[in-house]
Amino acid sequence: MKTISENACFGGTQGVYSHTSTACNCEMTFGLFLPEEARDGPVPILWYLSGLTCTHENAMTKAGAQAWAAEHGIALIFPDTSPRGDDVADDEAYDLGKGAGFYVNATQEPWAPHFQMWSYIADELPALIAENFAIDMDRQGITGHSMGGHGALTLAMNLPGRFLSVSAFAPIANPTASDWGQKQLTAYLGKDETTWAKHDSTLLMAEVGFDGPVLIDQGASDQFLDLLKPEALSQAMAAKRQDGVFRMQKGYDHSYFFVSTFMEDHVAFHAEALYAG
């Protein structure tokens with residue numbers, strides 16, 4: 001693992017690191033904020049998964065999350081959204097290829113050799129973090145925006161017991177029924193739609209739900225509402241009687257102005273779960 005940068009931030013440290021990923025077969029970069037409390041021992045961690053076109057840097061610099069994480073003594077990790085490198089497959093469209101990993105393990109060519117983002121986020125990166133930093137891996141929460149909200153919800157529901165809380169900002173909520181999903185799932189996983197179900201938070205909510213609290217914020221003026229399909233997830237949560245809150249935020253769009261506005265609420269929501277008991 002290489003240290004790219006480390007900066008003092010709200011009493012703690014905002015670092016950027018890179019490492020050779022076995023899962024993605026390339027060099028991967030991530031950001032990690034450690035609060036002051038990490039100098040004295042392991043602290044809880046909140047995962048933030050970013051959306052289409054983003055790298056590790058977008059949320060790290062735009063979401064305003066470090067101030068609230070420092071207040072609660074929580075670490076924040078900002079992984080990248082896809083593999084990177086000259087030999088990594090890509091597409092001319094912004095919503096496929098680099099920057100659009102969709103947090104799945106691709107089985108189809110040309111994506112399979114590198115696009116193993118599920119294994120990277122679920123297995124490889126947690127192990128790296130646990131080995132190198134003062135993180136309490138028994139206290140993890142996960143959140144994300146847009147494509148990252150999709151990833152956060154699907155990881156949380158597919159890995160019972162891993163995360164104590166899950167939240168999302170404007171998640172791609174029903175990708176198997178959306179152009180933001182059908183295209184990518186076909187490309188990465190093939191045409192057999194039975195392989196798609198574990199990557200659809202609405203279907204997962206209806207089938208298994210989440211064994212902890214859920215918080216969803218969706219901008220009511222989001223320009224991508226028809227692609228996100230938030231109503232499907234909201235209905236599934238209600239039908240499942242999920243322990244959770246789904247909020248439509250009047251006047252807000254899909255941008256980081258929206259995310260940063262409600263970041264305090266989300267970090268506090270996770271802190272309550274991570275420090276419960």
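Residues: numbered from 1 along the sequence shown. As the structure is a computational prediction, the values presented were derived from the model and not from experiment.
Thr154 has its side chain out of reach of Tyr103: every pair of non-hydrogen atoms, C-beta onward, lies at least 4.5 Å apart. Looking at Lys2 and Glu27, their side chains come closer than 4.5 Å, going by heavy atoms from C-beta outward. Annotation: side chain of Thr55 is in contact with side chain of Arg84 (closest heavy-atom distance under 4.5 Å). Contact annotation: the side chain of Pro230 approaches that of Leu225 to within less than 4.5 Å [non-hydrogen atoms, C-beta and beyond]. Using a 4.5 Å cut-off on side-chain heavy atoms (C-beta onward), Leu153 and Phe210 make no contact. Taking 4.5 Å as the limit, every side-chain heavy atom of Ile135 sits out of range of all side-chain heavy atoms of Ile77. Side-chain contact between Asp87 and His114 is present, with heavy atoms from C-beta onward closer than 4.5 Å. By the 4.5 Å heavy-atom criterion applied to side chains, Thr195 and Thr107 are not counted as neighbours.
Nearest heavy atom pair, residue Phe269 against residue Val166, reads CE2-O, 3.4 Å. When all heavy atoms of Leu96 and Ala187 are compared, the pair lying nearest together is CD1-CB, 3.8 Å. When all heavy atoms are compared, the tightest approach of Asn105 to Leu189 is O-CD2, 3.3 Å. Closest heavy-atom contact between Leu204 and Ala197: CG-O, 4.0 Å. Smallest separation of non-hydrogen atoms from Ala152 and Ser167: CB-O, 4.1 Å. Of all the heavy atoms in Met263 and Tyr48, the pair that sits closest is CE-CE1, 3.8 Å.
Rounding to the nearest 0.5 Å gives a distance of 10.5 Å between OG of Ser201 and CG of Asn158. Expressed to the nearest 0.5 Å, how far CG of Asp200 lies from CG of Leu185 amounts to 8.0 Å. Interatomic distance, Glu207 CD to Thr202 OG1, rounded to the nearest 0.5 Å: 13.0 Å. Between atom OG1 of residue Thr22 and atom CD of residue Glu124 there is a gap of 5.0 Å, rounded to the nearest 0.5 Å. Rounding to the nearest 0.5 Å places CZ of Arg162 at 6.0 Å from CD of Gln140. In this structure, the separation between CG on Leu215 and OG1 on Thr143 is 8.0 Å, given to the nearest 0.5 Å.
Between His19 and Tyr120, the ring center distance clears the sub-6.0 Å criterion. Trp118 has its ring centre less than 6.0 Å from the ring centre of His199. Note: Tyr256 and His145 meet the aromatic proximity criterion, with ring centroids under 6.0 Å apart. Close placement of the Tyr252 and Phe262 rings is indicated, their centers lying within 6.0 Å of each other.
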Would you tabulate the side-chain donor-acceptor contacts of residues 61-69 under 3.5 Å, counting partners in other chains and residues two or more places apart, or write 'none'?
unit_1 : atom_1 : unit_2 : atom_2 : d
Thr61  : OG1    : Glu57  : O      : 3.0
Thr61  : OG1    : Asn58  : O      : 3.3
Gln66  : NE2    : Gln14  : OE1    : 2.9
Gln66  : NE2    : Met60  : O      : 2.8

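Neither side chain, Thr13 nor Glu6, offers a donor N or O lying under 3.5 Å from an acceptor on the other. Using a 3.5 Å distance cut-off with no hydrogens or angles, the side chains of Glu193 and Thr176 do not pair a donor with an acceptor.
Checked by atom type and distance alone, the side chain of Thr186 never pairs as donor or acceptor with a backbone atom of Lys191 at under 3.5 Å.
Below 30°, between 30° and 60°, or above 60°: for Phe30 and Phe133 the angle between ring planes is above 60°, a perpendicular geometry. Ring-plane geometry between Phe169 and Phe258 is classed as perpendicular, the angle between the planes exceeding 60 degrees on a 0 to 90 degree scale with a lower cut at 30. Ring orientation note: the planes of Trp180 and His254 are tilted relative to one another, at an angle of 30° to 60°.
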